[in-house]
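Model, not experiment: these values are computed from the prediction. When reading the values below, keep in mind they use all heavy atoms of this one structure, side chains included, and skip hydrogens, waters and symmetry mates.
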Amino acid sequence: MNTVWFFAWSIIILPTNGLPDITNLPATIDIIESKTASIAIADSLFTLAVTDNVTFTCNIQSTTPTVSAFIVNDDNGTFNFYLTNNPGFEYDTVSSYAVDIACKNALGETSTAKTLIVDLSSNTPPTFTVLPASKSLPETSPIGTTVETLKVTDTDSILCSISSQTPNLSKFSIHAATVGTNYVDYEIHLDKSLDASANSVHTLTITCKDEWGSRTETLIVNVLPNPPPVFTSFPGSVSVNEADAGGNSIYTINVTDNDMFTCSIETTPTTLAFQIDTATNEIVLTADHKLDFDTQNTYTIMVTCEDTTGSSTATLTVNVQQNTPPVITNLPVTESVQQTTVIGTTIKTITVTETDKYNCVIASQTPNTENFILHNTSNYEVQLNKALDSVTTTYTIDITCSDKWGSTTETLIVTVIPNQPPEFTGFPASRMVNEADAGGNSIYTIGVTDPDKFTCNISTTPSTSAFQINTTTNQINLVSGHGLDYDTQNSYTITIICADATGSSTEYLTVDVIQNSPPDITSLPASGSFISGTTAKTKLHDLTVTDSEGDSFICTWSSTPVGPFGFNNTANQLYVNANPTFSASIYAIDIQCSDDYGSTTETYTLSVTPNTDPKITGMPLTVTVVETETASRTIHTIAVTDDEAQTISCSLVSVPAGPFSINQNPATPLYEVVLDVNAIDSLDGITTPSHTVTVTCQDTPGGTTTSNLTVVVTPNLAPTVDNLPDHFEVSENQIVELEIWNLAYTDPEGDTPVTCVIVTDPARGPFDLRESGTPNDYRLWVTANPNLNYSGVPTHTVTLICTDHHSGRTGRSSSGILYVDILENRPPVFTSANAHTQNAQATPVNTKIFTCATDDADLDTVTYSMTLNPSTSSFTMDPVTCDIRTTQDLKKELNSFYTATITANDGKIITIQDLGLTLTNVNTAPEITNIGLNQAVKVYFDETTATNTLLYSPVVYDPDTGQTQIITYTVFPTGEVGTFDVSTSEIRLKNGKTFDYEYVNLYKLTMFVTDSYATTGPYYLDIHINNIPEVCGFDKTVYEASTYEAGISGGRMNIGFTISDADDPDYHTFSLVTNPHSQYYKIDQYTGEISFKTDYDIDTCGFVHPKNATIIVQCTDQYGETGTATVSVYVQDVNDNKPICNNTGNVMIVTQYTNPGAFIGRVSASDCDSGANAILEYSGASVTGSPYYTVTANGNVYLTNTIDFDYGTDHTFLIKVKDQGTPQLTGTCQLTVIYIWTTTTTTTTVAPNIPTDWWDKPENIALVAILSLLALFLLGLLLYLCCRRGLPCRSCTNPFKSCKNCCKPRQPTRRIVTPKDPKKDPFKFFDHNDLNVKRDMFSTRDQVADAPIPMKM
């Protein structure tokens, strides 16, 4: 009894998940070593393209060499590759990095890492891309002019400055104009006015630098002096026609000048005919100018153009051209016209040269028949007005053209060419026409020359309609069907008459008719022979026929008597018909070839000889062959003869076809019937036991004879299969291979080898026929694992076929049949329960929780397997014992029920049973309820967030009791785990940690929560850092700087501020904070260079700027945040003031009591400069005569020699005062020393060291008063003496006194007064008044040589 088991199961198809795959990772990228970056999407180097159907994360696995310069960041589900901030690359140390990047999906599966090669390139200093060697600039260029724009390229921050200017006049500055990606456009500006006369060349050294180096270029600025206006392309003269209407420009003045300029003109002789348009600088001929060549034919215009610098002058000569009457340029001339010219035809177009308006007329015609008129279109044209005749052959036409200035007359002569009748050209004497021409063609085209219209006609002698004329083309045609016949009329005369309105011309054409000739047979022999008996169509002769006119012809034949002949007109061939029958032995064959005009006949005599057939002896005959024969052999030799000894050829045909051929033996020569080589391949004694071979022999004339050869084929016998049973049984459970029969066979001929094969039904059954190792010993096997199936194929039919072989070729075959019956298998049966309950809390790892059991009626070995729904790795099954064991502690399991589908397999049939597995006390996995699984929560905090701030409060839920939950986490960027404190209730900024937007602006926390048995995650927390702008700061609180006093924008101080700003990148500008000293200074907002805002002067005279100034510099970043630093400036003095005397005039007194070496007084000067620039040194001495007075370096004045000149003598000289500055400056003071008489003995004080002014002493004032009174007394005395001496004169004051001697100078009486106890004077002194010479260079009073010497007191 067979039992059938039915089982039901559910098949759940779980989705398969592939690993994440990065599809777009480049092989290499290039980065400059100075590159920095931040985690902002705009700064990413590239975005990863990853294929995966679930959530995944990507990160950097490793870097070779190890460096933390790279990160992969999750930007809202997009993974971007970044550089960390300030990665610290150094090309000279490491030039390339290998970065391994991998992605992990939600199942924790990590893809194979892919490698990115990051190649570094070396940083280079800034590069100037556009900088000429020199630049020219007009000295009038306004301040602020852009001299040149430099494009400086660099991947880093760039700073450019003018590091030096020669001469150092601070006339140029450089500023950043445009900041682009990896480049900055700098503009060089003009800051001060230029002066080419002082400095025509300025050399600027421009330095651009970044953190890695600097580059310097030189720009030479050539200052172009401002010249006065320059005339360009000025002509020597221009011409103006006296008839010009005016109001037009005669010349435009071309002037080159950098400044504004104006031009004026002056005309010689004076005229109002020329004016200048100052807006366009055009010299204009005025309307109503009244220029007259006869009155004035030339003018000179003086053109003056001036600007603020100067003026230039040029002379333009204006030549007045005399106006002339119109000129007829193409007359006189003679023109010829035909008498038949049509009225209205233009005979001549008149060409006139004239700039004024003019008019032309026909002044006269001779004869005066008005045959011609003058017509004015765009030009004047002489046209035919009346028809011409042949009477008047010449016309004289006078044409006059005039304007308001005069007229010109020229003559046109017209000659008339009388009309002529038609004229034949190239006329032939005769033409030839063949009587066989088809007609419809031209035989001649009439050539006629005639300007008039003409017509031609023909007539024929004798009269015939064979010729006609085409009056359109003037062709004489031979008509179709003309009927010309050489024998009837062989020549015709055609009379041709061509006529126009004037007359006619006649010519005669002879047409000769040419006779046609018949065809010509050129190659037919007189006789030939033919042997009868040939059955095929046989050629006798190829005929050659020609026709000199190329006419079509045809040939025919006839024979006497009539014979079996034919003629091919296409090939011109004479032949004997196939299977001919001859009635005579000699035939006369006539061949006639004819065209339409005649024929030619030739005769060919043919002799016919009869033929007899060949004879075969010794046949018919029968021979025997074996079907297995392989060698070639002769099976019969043919005996054949021919009475005429003609050449005989033999052939054979085998029915059915067989391996037979016929060969002629060269030695005999006889024909032999041969069995071909390898006849075994085509002979078959069973299907074709015999072949009939028919032999046919034929002689040359065609006589034939046939006979038959019968070939009998002996067949080969097949081997036989012996003692084969009908049936054999095999179980469907058969697994190993099984021998089921030993095959036996016999072969009647003993052929070897004998090969045996099997054919199974169904095909490709699990059977194999093998040789046992002994040749021709075959065994039948069931193969291993035959997969026999009773229900599918209960019986297999095995056919065994054995085939013998002969000479390596397959021979006969025989077969036997064996039926293999399949015995049915029985399936295993489950005997164990289909449900089980297990306590999860009490089941550790490797616990056997269930064993299944089965029975198999066939005692087959049963193996087991198991699948679980839902899928889990917590259980495993032993495939032999069917034990189910745990692979982990079931406390980690989260599901309470599983369906275990168990499969029992006996190798043939499987049996399936579902086991319901119930788990009690199952653990529940903890979860973070306020963050979704595989979801991200985003929070935002300022970078100023205080340390230990609560960032997020996760809510962990776990219904199980007695368990502790833990949150594990990782942080991106890597290395930032220590930034946070994470617990199951709080996520805080770790104590002592702060945020820095410029360092990291996004942290990604990947979290998992576990109760030690079960873990859920990932949960994502994205902490975004908000940028809080931070103030910029200086590297110092106080900077010190020194400079020299200078003008506006002078005193430049490059402090070298170093700005720090946590905002990176950032952009900073500089400014000054208002304070008492800031009004005197300004700062470059880009470079921080400080300079004077005013003309800064620390000199003591006038307004004094502070030597020590304190200014506050403020930096401002792009967010408006500021920082300050103090700059203490010390301004040093520049020696820019000459010493100045404190008094406009210094006067000192010496008396008779003043001794040599005595201190007379002190000269005092001051200097507005300070320090060494204000330390003064005096020098000077009286230089007229002996040096009586000397000034020492401190300004003291001493008497150096004994006085030996008169009282009242004064010495005035200049004292040089030099300061100690660089450059050293010099001033002068004037000192006057007066020698007076005094009655008071004074004590001479030598070299007092107290500086006093002469007017500061009261005694000096009193002395001056006394001297004034004394001078009045002396004046009165002088007048008295003068009037007392003589008569009145015009030069005397008193008119009543004599003037004889009153104005005559007295010779002074020299008087020497010696003071008491005078010291011996080692020198002799001379007063300058004693010498009539000019004063020295330091004197302030003019002296004239030979001037009267004033009186001395």
For a quick test of reading the model, state the closest non-hydrogen atom pair linking [X] to [Y] and the distance between them.
X: Leu169; Y: Asn199; answer: CD1-OD1, 3.4 Å
X: Thr1043; Y: Gly1051; answer: OG1-CA, 3.1 Å
X: Tyr1086; Y: Phe1070; answer: O-CE1, 3.8 Å
X: Thr1124; Y: Ile1112; answer: CB-CG2, 3.9 Å

Original post:
Between Arg1052 and Asp191, is there a salt bridge with N-O shorter than 4.0 Å?
Top reply: yes
Just wondering, do [Y] and [X] contact through their side chains at under 4.5 Å, heavy atoms?
X: Tyr1207; Y: Ile1236; value: no
X: Lys209; Y: Pro125; value: no
X: His1105; Y: Tyr1080; value: yes
X: Thr1200; Y: Tyr1189; value: no
X: Asn1135; Y: Leu1225; value: yes

**OP:** Any chance you could measure Asn1054, atom CG, to Ser161, atom OG, to the nearest 0.5 Å?
**Re:** 7.0 Å
Subject >> OG-CD1 distance between Ser1166 and Ile1140, expressed to the nearest 0.5 angstrom >> reply: 6.0 Å
Subject >> Aromatic contact, Tyr1096 with Tyr1081 (centres under 6.0 Å) >> reply: yes
**OP:** Step through it carefully: locate the ring centre of Phe1205, locate the ring centre of Tyr1235, and say whether they are under 6.0 Å apart.
**Re:** yes
Original post:
Who passes ring-ring contact (aromatic ring centres under 6.0 Å, His included) against His1077, sequence neighbours left out?
Top reply: none
**OP:** List in chain and number order the residues that pass ring-ring contact (aromatic ring centres under 6.0 Å, His included) with His175, two or more places apart in sequence or in another chain; answer none if no residue qualifies.
**Re:** His189
Original post:
Going by atom types alone, do Thr203 and Thr166 pair a side-chain donor with an acceptor below 3.5 Å?
Top reply: no
Original post:
Okay, side chain of Lys171, backbone of Ser193: is any donor-acceptor separation there less than 3.5 Å?
Top reply: yes
**OP:** Could you give me the CA-CA distance, side-chain angles and deciding distance for Asp1167 and Asn1173, then say whether side-chain hydrogen bond (donor to acceptor under 3.5 Å, both in side chains) is met?
**Re:** CA-CA 8 Å; Asp1167 194 321; Asn1173 298 330; over 6 Å; no
**OP:** Tell me, with the steps shown, if Ile1098 and Gln1132 meet side-chain contact (heavy atoms from CB on, under 4.5 Å).
**Re:** CA-CA 8 Å; Ile1098 63 171; Gln1132 302 180 57; 5.8 Å; no
